[in-house]
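This is the structure I have questions about; it appears just below.
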Amino acid sequence: MSPIHCEAAGIFKNKIFEQCSLTLYNKHSTQHHLQHPNFHIHRFIKDHPIRKMALVRNNSSNGREPVLSPRSLTSPRGLTSPRPLSVQPTPEPVRPLANFPPSIWADRFISFSLDNSQLEAYANALEEPKAAVKSLITDTTIDANTKLKLIYSVHRLGLSYLYPDEIDAELNKLFEKIDLQYYEQVDLYTIAVQFQVFRHHGYKISSDVFKKFKDSTTGTFTDDVTKDVKGMLSLYESAHLRLHGEDILDEALAFTEAHLKKIVTTLEGDLARQVNQVLKRPFHTGMPMVEARLYFITHEEDFSSHESVVKLAKVHFNYLQLQQKEELRLVSQWWKDMQFQQSVPYIRDRVPEIYLWILGLYFEPYYSRARIIATKITLFLVVLDDTYDAYATIDEIRSITDAINRWEISAIDQLPEYIKPFYRILLNEYDDLEKEYSKDGRAFSVHASKQAFQEIARGYLEEAEWLHNGYVATFPEYMKNGLITSAYNVISKSALVGMGAIADEEALAWYETHPKILKASELISRLQDDVMTFQFERKRGQSATGVDAYIKEYNVSEEVAIKELMKMIENAWKDINEGCLKPTEVSVALLTPILNLARMIDVVYKFDDGFTFPGKTLKDYITLLFVSPPPSLEN
Ligand SMILES: CC(C)=CCC/C(C)=C/CC/C(C)=C/COP(=O)(O)OP(=O)(O)O
Ligand SMILES: [Mg+2]
Ligand SMILES: [Mg+2]
Ligand SMILES: [Mg+2]
């Protein structure tokens, strides 16, 4: 196994590599060859979600001939004490039917081999264009409009993290000089780009700048707006940055969306591509890494006059792809070594998809270690969630939750055989993290992640108890627990572990106050997932969902419930947008992963359950980022 060398030269020397002491191989690779139980419930009790006892022969044991379940041949404490085969096996409990689609990637990403000299070459090649773009950003001879368009493109290409201070200094200057009179004279496109660039960076430019595009008598946007496709497109993008009370942006969103949909088939070339792209997903709700690649492809005209920007973007994409493919290889190899496929074959096997999810939080090269840690912990969550929802009996769920709360290896004895390897790996991984981060006094971040993990196990248990008792929670009760089972508290805290000095104790204390922006991201996760997964889950009696809780609480139709939940999601987005405005409660570096978590929900669940069935959006994204070649450096 070839470690990433941490000596690469160049501008990133200190930053990129300061955290790349990747854990390359887990020494605790447990050797277990558990066979999967063969007596499962194969029939779902449709009329009621309570897990009932029944013994049904399962013929779907991964294509293998049915054999006696090793679990039915173990002692009550789970310790192997084989009995003669003639002994009647104890009936296997009823289990919800999992049958999740398998991974579409298999071992594809394991075979990648990082060429360190290539990585170094890219790091070196970044230096010159990076300096040139810096000069452009700080150039005092460039007029305000050109400067703002430049900063807009730099941001959309995923490059603004390279110039946080320079960009802030420029925007500060320009924001102070904003003259609303000026906006009276300029076109919609120019205004909308400037509006976005200020809001992207936390400056609260007023949405009144769009007032002049409304007809004062009818109160609606004018016909002229519908003739300006680029202007509409940018207004549509701007509207996603709306805050509470910005009715003009609510209207702008509905208006531009309707008109863009109407005309999209009449357009050609880049403009057609841009409109199709924005209607699918606007920049603000997209995954930054993917949005950068798409912007590069479809908006070339925005930045092609700045040669250094084009060059920087190209080398940057090439550099990042190498680094990310190596990270993906690493977590894929770890997953394989840990033999999850053997011990918990009923779960959704989704390593590239979870890595993508975490890459969505932060793509900066210096968060390499952080991504690996957060990916592993999120993969633990997938095991836990699918075990609770789609495999374990209520007694097993209670026992697993108890063991996770006890968090000591001796608790393993109480667990069903199939989950023991997971429990061991979970404790070992956290142990390793604790040792690693104790050295620089950052073990507190590992503890916070662990506590959040214990909390979500309790949250999942609560859902299971409701289901077991045939109880549908009241909506407030559901939401209280739902913010926990959204998984975004545990993921965002786990994301802090590898982030380094900025994720200090003060940052964690802020997290512990359960700030509005975090709550909003959790709500979006919980409800958007529920809206897109409840039918599938209901069919299998798998989960308590917000849709069912809402229907029961307010005695409304499913359609109305979904509409109301979508409104709550819309409002939560406004909370997030407000939370990102200056003065922010904590640094932007800490806020961005929370915003990005909400974005990833949009990516995964906007059109369907993209996680359980990852063959559309996630497959396209994974292909774009880790399979297709990045932009060529040749031309
Ligand atoms: C809830 C949510 C969207 C979490 C996103 C964060 C995340 C990657 C968690 C890991 C577990 C997971 C993939 C849950 C989504 O599936 P599911 O629909 O089975 O989750 P559920 O059982 O909580 O409904
Ligand atoms: Mg689930
Ligand atoms: Mg669940
Ligand atoms: Mg769900």
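Remember, it's 1-based here, ligands and their atoms both numbered in the order they're listed. Computed over heavy atoms, backbone and side chain alike; hydrogens, waters and symmetry mates excluded. The shown structure was predicted, so the numbers you read here are calculated from the model rather than taken from an experiment.
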Subset of ligand 1 atoms that lie under 4.0 Å from at least one heavy atom of Ile601: 3 (C)

Side chains of Asn577 and His284: donor-acceptor distance under 3.5 Å anywhere? yes

Nearest heavy-atom approach of Ala561 to Ile551 is CB-CG1, 3.7 Å

Heavy atoms only: which of Asp386, Ile491, Ile354 is nearest to atom 6 (C) of ligand 1? Ile491

For atom 1 (C) of ligand 1, tell me which residue out of Ser486, Gly459, Ala487 has the closest non-hydrogen atom. Ser486

Cation-pi check, Arg348 to Phe100: give yes when NZ or CZ is under 6.0 Å from the six-membered ring centre and within 45° of the ring axis, no otherwise. yes

With a 4.0 Å cut-off on heavy atoms, is Tyr488 in contact with ligand 1? yes

Can you tell me the N, O or S atom of Glu537 that's nearest the Mg ion (ligand 4)? OE2

Mind checking whether the Mg ion (ligand 4) has an N, O or S of Met532 under 2.8 Å? no

Using a cut-off of strictly less than 2.8 Å, determine whether Asp385 has an N/O/S atom near the Mg ion (ligand 3). yes

Test the Arg371-Tyr355 pair against the cation-pi criterion, namely NZ or CZ under 6.0 angstrom from the six-membered ring centroid and within 45° of the ring axis. no

Measure from the Mg ion (ligand 4) to every N/O/S atom of Asp529 and report the name of the nearest one. OD2

Polar contact flag, side-chain donor to acceptor under 3.5 angstrom, Asp529-Thr533: yes

Ligand 1 versus Asp609: contacting region, heavy-atom distance under 4.0 Å: neither

Between the side chains of Asp349 and Gln341, does any donor sit under 3.5 Å from an acceptor? yes

Counting heavy atoms only, name the option from Trp357, Tyr605, Phe611 that's nearest to atom 15 (C) of ligand 1. Tyr605

Any N, O or S atom of Asp386 closer than 2.8 Å to the Mg ion (ligand 3): no

Quick one about Thr617 and Asp620 (side-chain donor to acceptor, distance below 3.5 Å, no hydrogens or angles considered), yes or no? no

